[in-house]
Amino acid sequence: MTKKVQQLDRVVIRFAGDSGDGMQLTGDRFTSETAQLGNDISTLPNFPAEIRAPAGTLPGVSSFQVHFADFDILTPGDAPNVLVAMNPAALKANLADLPGGADIIVNTDEFTKRNLVKVGYDANPLEDGSLDRWVVHPVGLTSMTVGALADHDISKKDAERAKNMFALGLLSWMYSRPYASTITFLERKFAARPELVAANIAAFKAGWNFGETTEDFGVRYEVKPAKMSPGNYRNITGNVALALGLVAAGVRAKLPVFLGAYPITPASDILHELSKHKRFNVTTMQAEDEIAAIGAALGAAYGGALGVTTTSGPGIALKGETISLAIALELPLLIVDVQRAGPSTGMPTKTEQADLNMALFGRHGEAPAAVIAPCSPSDCFYAAIEAARIALTYRTPVLLLSDGYIANGSEPWLLPDVSDLPDLRVEFAATPNGEDGTFLPYLRDPHTLARPWAVPGTPGLEHRIGGLEKADRTGDISYDPANHDFMVRTRAARIEAIEVPDIEVDDPDGAASVLVLGWGSTYGPIGAACRALRQRGLPVAQAHLRHLNPMPKNLESVLKRYGRVVIPEMNLGQLAHVIRGRYLVDAIPYNQVRGLPFTAAELESMLEDVVKNV
Amino acid sequence: MTKKVQQLDRVVIRFAGDSGDGMQLTGDRFTSETAQLGNDISTLPNFPAEIRAPAGTLPGVSSFQVHFADFDILTPGDAPNVLVAMNPAALKANLADLPGGADIIVNTDEFTKRNLVKVGYDANPLEDGSLDRWVVHPVGLTSMTVGALADHDISKKDAERAKNMFALGLLSWMYSRPYASTITFLERKFAARPELVAANIAAFKAGWNFGETTEDFGVRYEVKPAKMSPGNYRNITGNVALALGLVAAGVRAKLPVFLGAYPITPASDILHELSKHKRFNVTTMQAEDEIAAIGAALGAAYGGALGVTTTSGPGIALKGETISLAIALELPLLIVDVQRAGPSTGMPTKTEQADLNMALFGRHGEAPAAVIAPCSPSDCFYAAIEAARIALTYRTPVLLLSDGYIANGSEPWLLPDVSDLPDLRVEFAATPNGEDGTFLPYLRDPHTLARPWAVPGTPGLEHRIGGLEKADRTGDISYDPANHDFMVRTRAARIEAIEVPDIEVDDPDGAASVLVLGWGSTYGPIGAACRALRQRGLPVAQAHLRHLNPMPKNLESVLKRYGRVVIPEMNLGQLAHVIRGRYLVDAIPYNQVRGLPFTAAELESMLEDVVKNV
Amino acid sequence: MSEIQGASPPERPRTARNRTSSGADSGRQGVALTLTAKDFKSDQEVRWCPGCGDYAILAAVQSFMPELGIPRERIVFVSGIGCSSRFPYYMNTYGLHSIHGRAPAIATGLSVSRPDLQVWVVTGDGDALSIGGNHLIHALRRNVNLKILLFNNRIYGLTKGQYSPTSELGKVTKSTPAGSADSPFNPISLALGAEASFVARTIDSDRKHLQGVLRSAANHQGSAFVEIYQNCNIFNDGAFDLLKEPDTRDAALIRLEHGSPITFGTDGEFCVVHPPGGFGLEVRETASVSPTEIVVHDETVTEPAYAFALSRLPALDLSHTPVGVFRKVSRPSYDALVRTQVQEAAAKVTDPEREFASLLSSGDTWTII
Amino acid sequence: MSEIQGASPPERPRTARNRTSSGADSGRQGVALTLTAKDFKSDQEVRWCPGCGDYAILAAVQSFMPELGIPRERIVFVSGIGCSSRFPYYMNTYGLHSIHGRAPAIATGLSVSRPDLQVWVVTGDGDALSIGGNHLIHALRRNVNLKILLFNNRIYGLTKGQYSPTSELGKVTKSTPAGSADSPFNPISLALGAEASFVARTIDSDRKHLQGVLRSAANHQGSAFVEIYQNCNIFNDGAFDLLKEPDTRDAALIRLEHGSPITFGTDGEFCVVHPPGGFGLEVRETASVSPTEIVVHDETVTEPAYAFALSRLPALDLSHTPVGVFRKVSRPSYDALVRTQVQEAAAKVTDPEREFASLLSSGDTWTII
Ligand SMILES: Cc1ncc(C[n+]2csc(CCOP(=O)(O)OP(=O)(O)O)c2C)c(N)n1
Ligand SMILES: Cc1ncc(C[n+]2csc(CCOP(=O)(O)OP(=O)(O)O)c2C)c(N)n1
Ligand code: SF4
Ligand code: SF4
Ligand SMILES: [Mg+2]
Ligand SMILES: [Mg+2]
């Protein structure tokens, strides 16, 4: 039976199942196949804080959404076109996000009385007509997988486990994905147990063939490759990109990298990734807590390494005192905060942008530091390098604000040429800089205002520094009022003096009256909304802040060029407050704190209102 | 010999000497005598971070300034009329602050070659004419004391030590102070060693008699009592007032007070003071660190006590994560920050106002808390009570920002009638508040938005709470996006909903075009400067913010009433930034970060410029 | 003067407390009540991974609770963060799920200010020994009246499998792909070095033993530190199998019983001796030594060197692992000493407002008329 | 691959380092140099109170340093906050005066990334055992290559006299006017409980002894923990007088010497024995026991129970106080293990940029043309 093939320009698929069903892996594989095909992609994993909540319950549902298209896309998609629901809980938890007419592929084997009751279904939704708005494809995923593997010498449990590969096979068929990489992946993953390689491949093929054969799936879809710049690509998550960016910074600075970290969701993967790259002279230390982690990183920085610490909200709260010390010591240090929903423990696996205040203001005394934020998964790579540039050039702590959304989300990344990356080499102090061969640890470079980085081991530069106020030039302890005033202002000035690129405005025909200003991970949804509005003839301008401290020099004039400035944030208006205070611009905050990224649609409708009311 | 008696309306005296010379005690005693007499008073101690830096060195100089007058005064005085310099270091360290014509009383015995060299004097300033601008009184303080005590059976060291009492006697004579309280004090202090009581009293009297007899002091001064409201007064420092305010809050709330604290300058004295008042059901715990200190206070608050923690900058930096938990738990908690000069260890014994940002914004996630600041030493008493009122009524952490200046400075305090203090009694939850006898720990009071305070031990209200996001009403763990958004906004709303008194404006004839807005300890110098300007016919209005979060409802209209708003702060403009961001008012920051309070004179001249340029 | 003045709920049960130092804790012991395990189950769905050792511990604790004879409302579970720290949600008592590592500090404030409560701390090897190590050792040194249950699975569960301070040297985990480089703490030794007055160890899978240890901990005045070996079947499965598998456990598990000679094995064929002149303990075949050479376990030995020596018995490979109460000695609890100071001072005050007024006007005051 | 690539100062002395695990530390041992005590005095004015025990320790350290044979620039002193923590300012080496309690963490990062340096930590009883307790025990368990000098004056000096975790129970201080309620840590026991490989105690006033201990600490691979009893003459004067006054010291001070029987007193009239069957040690009159009963001190005993028993000897009143090296055993340092992993991996890479480029393009990549 030959199936009709229909062309689509974009599709959003959400795989949803129990925490134990392997949905993250399934989504990853589908993404990888899709990448091979050359679509543009954006993904959004969403999983519970519990490791493996009780099977079949709503809190146990884990999902992975992938958006792919034949043009360049900016978000993982507002609403799925297809939902794969491995059990009743997955169906129930995700239904509200599905627009009418979407496809739902359900694993009927899990729709038992017991499982239905567990999630509060009185009747079986597959039978009571409640799903009539959608196109439901009931598939006995488990039983068909087990059936297909009857000849394999594996346990029933292992056979059942392979059902995610059956589902992947089916979806791969539906969207005509190339699957060679999945086969290789399975061979590698189960290398130690060949029987599982065979079984999983068989399950995958069974799913593929099922699509090919069954009448239920009358149409097969194709999404053509996107037009993307030529080059070598890989799909990458923000956390991995950030880790690789740190390695790149070390390589380009010709400095060892020292990461002090304490595990915390959603930042731990940076530690995991970096600990694999020792060969680049990268040392990772899992410290006893966040304070020790940044302490060790600072100690390493004092010794001449590129010191880094990675964490999330609760950990950032603990690092303030040491960041303040690093500010007093004027040493380079990277502090990565992968933000999650707060306050307190909050919702560890959900995203948020509410640590900006903490990054800018969360230290006692006047303790300014540089702050930057990446805007997409792959941008985490470049943001890490930029953070290192600032830290090394200006001898200052730099806070880098990623968040759960881009940390776990992924997108295709055009691999850079390593030698094109910025040259980050630094010069350590080697000789005395004062009169009579003395060394003045706080004598500054007149241009960068940076003090010398004089690492232990350098003869003749022995000196003592600490967290007490220091006299200008000599660094000796000083309680002199005028010196303190001078030093406080100098520390502020040296952050202000950091050279950062001008902010760019995306205002294609310069006709916009409304500027949408964002920072961090909202770049994608804001960009998608602006595009959609422009396509509809409503001109809006977009500008995205990468450097949050210091801010670009041209920002003020950009802001003042527009009648209205709107600032969407996943917090209660933190950047908006800062912009208002600095530039006295009546910026309108648009806020949402749901632990989820904005959808392009909601931003579009909000902006439409603003544009119409200017 | 009878001396001329001259009337003065105000005098500023600075006692300065080595850390071991007992200058703080001497100043205290002089202050106490002056209080007895009924002058208005304001004091400013100033001491090094070292316990007892090497004798005779500049870093070892400790001083105490007292300003007293026959009218009400607001500051310890910009410049001393009299400097008592116990050694060359004390002279050198303080000379720059002395206006020409001021009296200098020097202890000539210490002006030895060795001591002069130690502080970098090439020649003896008492002899080389370099002090010609001032009226120098050379006195052999040490030798005369030792001489006066020749008959006493004490060691030479003890005799020499009594020289501060000689100096006190001399000054007490000069300013006609009643000294009965000093005699009582000495009797109490040395009760265990009667020979020292006798010696110190003898030294005091020798000093007094020396003034009476010597030709060098031709004039004796009198400063009449100030007109002050009738009542019972005592002289009080901010730290003691704050501690007593906490005791008062416990007494008036009929709750036990639990202080968890870790020693840190300049906050430790609150711990010391409170630990003396166990009889008011006050428990003090010196914890292992600042995190444990606030943790224990929070645990006690959970158990139904008035939980308090006291610290300074580096400690506040460590408490953020637990404050964030307290915000999630919605429990009352007082966090007292006696600010000192930062960043990092900074200048521990010097004052600053640079923790405002930290208090307002220094937590991860959206974690709003109430913030208030006292404006003078005695006001610390009332601020503590007000902080307790907010915490107990609204079930929220409250940050109270004192600083080193008012913490150690003192002023006369009209003792309140205890029964006039606010009634702070609270009601613990006693019965289920939900349907079917269930208990809903996050069901709110519709007016205050406070949740019930259901302390362990209450039968039927067993419940579980924590730092994960909680469902509205039930408090169960919730990852629901809409619930999170709701809870984040509710936590913000409940802080905004706190009722605080309107801000008052001091604009006697409503003619001012310039408003000076301050907060915290700058009240005195700003007030003094405004008075001086008004006396010169330049109208300026003064308003002082006690409530920094939420801000008074009328603040916006007050700000907009004036053509110019000036905000002087001992930081780089933290309040100014907030005011600009909130109200889009182009407030002018005026900043100084010298570890010292503003002088009224410098504010006066700055404001004069502003007024003239409106 | 009670620990909460005035505004306390009317029905709150109060027990008589005298004001002597030991008496200040006595409110924690209750009277017989007719509660069952079910009464200690909260309405929250338990969300650990299927098969997690935490389930067994929860069930053991819930079914043990009734014998305390303490009403539910007087029991509080305080935890930090970690899989184990979800524990309080499942107990139908008061419960506080706090922040990572800080439970002992928070519980200290609660316990010191509320002697009428019985405060339990539930924590993990990361929570208690990594980020929370300082609070733990300080609680132990102070001897705060806390029952501390450390669920030791030798891994970070909640953050998905990094090594912990009890993981063995060379452990390969997500954060140590080349093997960890830090040798672990021995939690029992650490607690003893920190002056702990009660130290015990037990295993998730042995409910009877676990409850025996809980019983002993519950009636201890001061800090009771209980290490519970707990299987994390997702990230460190089988870590304690040697002590659980029928074919190995008898030769590995040494059950300490107060007053009994320390023997173990299927038929007591192994024993623990104290070689003369030495400081450590050694395992021998029972048949090869004279009965008098076998160490008779005494948990009350004041000298901690004995319990310390016991704690060194297991090689890191668990080959000889004592379980039971290592040490249980009596010294005043911090809470009792602090409460006594406060109560004795407060007892002298009948009218706090008047007393406060006189405090205000003490010292150097003056009057303006 | 050296610990600093590329941009290092040209004159920086490099020592050959092999890549074996113990070898990774070897850069720290230097060659003979002709430095004197004066070379280790910085130009900063010393600002402790006159009479403070810190002066004696400073002088002892400065005059000891030359014998290390390590150039000044390869020595770093890292401290926390406290009177004691001002120490680095006075040493003409590299020095970092950090924040309260965190010196061990900061020093760990430095030591791990710079095996060519010798890193000393100077800390106080509050800095190390109160706020910094966790970092201390973790450094010890990891066996980081640090020489940790804890100046124990049993008080908070810098903050003007509050009690510390080593102050005796009942101590009256500014923060405990009614006497403290928490019993103290025994720093030696705590360190042993935390798996310390080198543990020693000495006294500010005995320069020879102090330097002997420093010598032993300096050549130890891994963490060397040295408690130094230090007099704070302002806030806790005479705390150790019993061990210093001519009429009491002989009967109180037990000088441990490796390989010698433990005797003390004016004429060795007292000794330490190990009563059979017991775990603790006891003091006896030498005349009353047979010479073979006297414990012969051996700092290298693997079993920490011996050193632990020794640490329990002093009553809190110092009546029997061992000083000297309690324990010195060899186990791999954390730094060495970590450096080895990194160095072995890095040794395989000749061109990091090219290797990095190939890392980027490893895995699932695709090409758009
Ligand atoms: C301040 C802070 N740092 C880190 C974390 C992340 N975190 C949560 S639980 C945990 C460790 C859990 O390990 P353990 O205590 O052994 O408990 P288990 O999950 O194994 O029961 C970590 C690192 C956090 N929640 N807060
Ligand atoms: C985070 C922080 N908390 C508190 C302090 C205040 N503080 C400085 S030193 C010190 C204790 C000093 O005691 P110790 O470590 O025994 O040193 P000593 O002064 O006795 O040598 C304290 C509490 C601080 N500087 N930083
Ligand atoms: S991850 Fe491990 S410890 Fe956590 S719930 Fe699962 S099995 Fe239990
Ligand atoms: S306070 Fe004590 S420890 Fe500090 S310098 Fe003075 S004498 Fe030394
Ligand atoms: Mg664990
Ligand atoms: Mg000390």
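The figures here come from the full heavy-atom set of this structure, side chains too, leaving out hydrogens, waters and symmetry mates. Note that this is a predicted model, so its numbers are computed, not measured.
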Sub-4.5 Å side-chain heavy-atom contact between [X] and [Y]:
X        : Y        : answer
A:Leu572 : B:Val488 : yes
A:His484 : B:Arg594 : no
B:Asp480 : A:Leu58  : no
B:Glu469 : A:Thr345 : no
B:Arg363 : A:Pro343 : no
B:Met347 : A:Leu468 : no

Atom pair [atom1] ([X]) and [atom2] ([Y]), whose distance is rounded to the nearest 0.5 Å:
X        : Y        : atom1 : atom2 : answer
B:His364 : A:Ile316 : NE2   : CD1   : 10.0 Å
A:Arg580 : B:Arg582 : CZ    : CZ    : 11.0 Å
A:Asn357 : B:Asn357 : CG    : CG    : 9.0 Å
B:Phe361 : A:Met358 : CZ    : CE    : 13.0 Å

Is chain A contacted by the side chain of [X], its backbone, both, or neither, given a heavy-atom distance below 4.5 Å?
X        : answer
B:Ile323 : neither
B:Asp337 : neither
B:Ser478 : backbone

Select one option (side chain, backbone, both, neither) describing which atoms of A:Ile579 are under 4.5 Å from chain B's heavy atoms.
neither

Applying a strict 4.5 Å limit to non-hydrogen atoms, the region of A:Asn591 in contact with chain B is both

Which one, [options], leads in non-hydrogen pairs under 4.5 Å with chain A?
options                                : result
B:Lys319, B:Glu352, B:Lys350, B:Gln353 : B:Glu352
B:Gly313, B:Pro48, B:Gly342            : B:Gly313
B:Ala354, B:Gly466, B:Ser344           : B:Ser344
B:Pro314, B:Gly362, B:Ala576           : B:Pro314

When you look at A:Val585 and B:Leu584, which way does the side chain to side chain contact (heavy atoms under 4.5 Å, CB included) test go after all the steps?
CA-CA 7 Å; A:Val585 169; B:Leu584 292 181; over 6 Å; no

Shortest non-hydrogen contact between [X] and [Y], atoms and distance:
X        : Y        : answer
A:Gly365 : B:Asp355 : N-OD1, 2.8 Å
B:Asn571 : A:Glu366 : CB-OE2, 3.3 Å
B:Gly320 : A:Ala317 : C-CB, 4.3 Å

Between A:Asp485 (side chain only) and B:Gln592 (backbone N and O only), is there a donor and an acceptor less than 3.5 Å apart?
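Looks like no, no N/O pair under 3.5 Å.
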
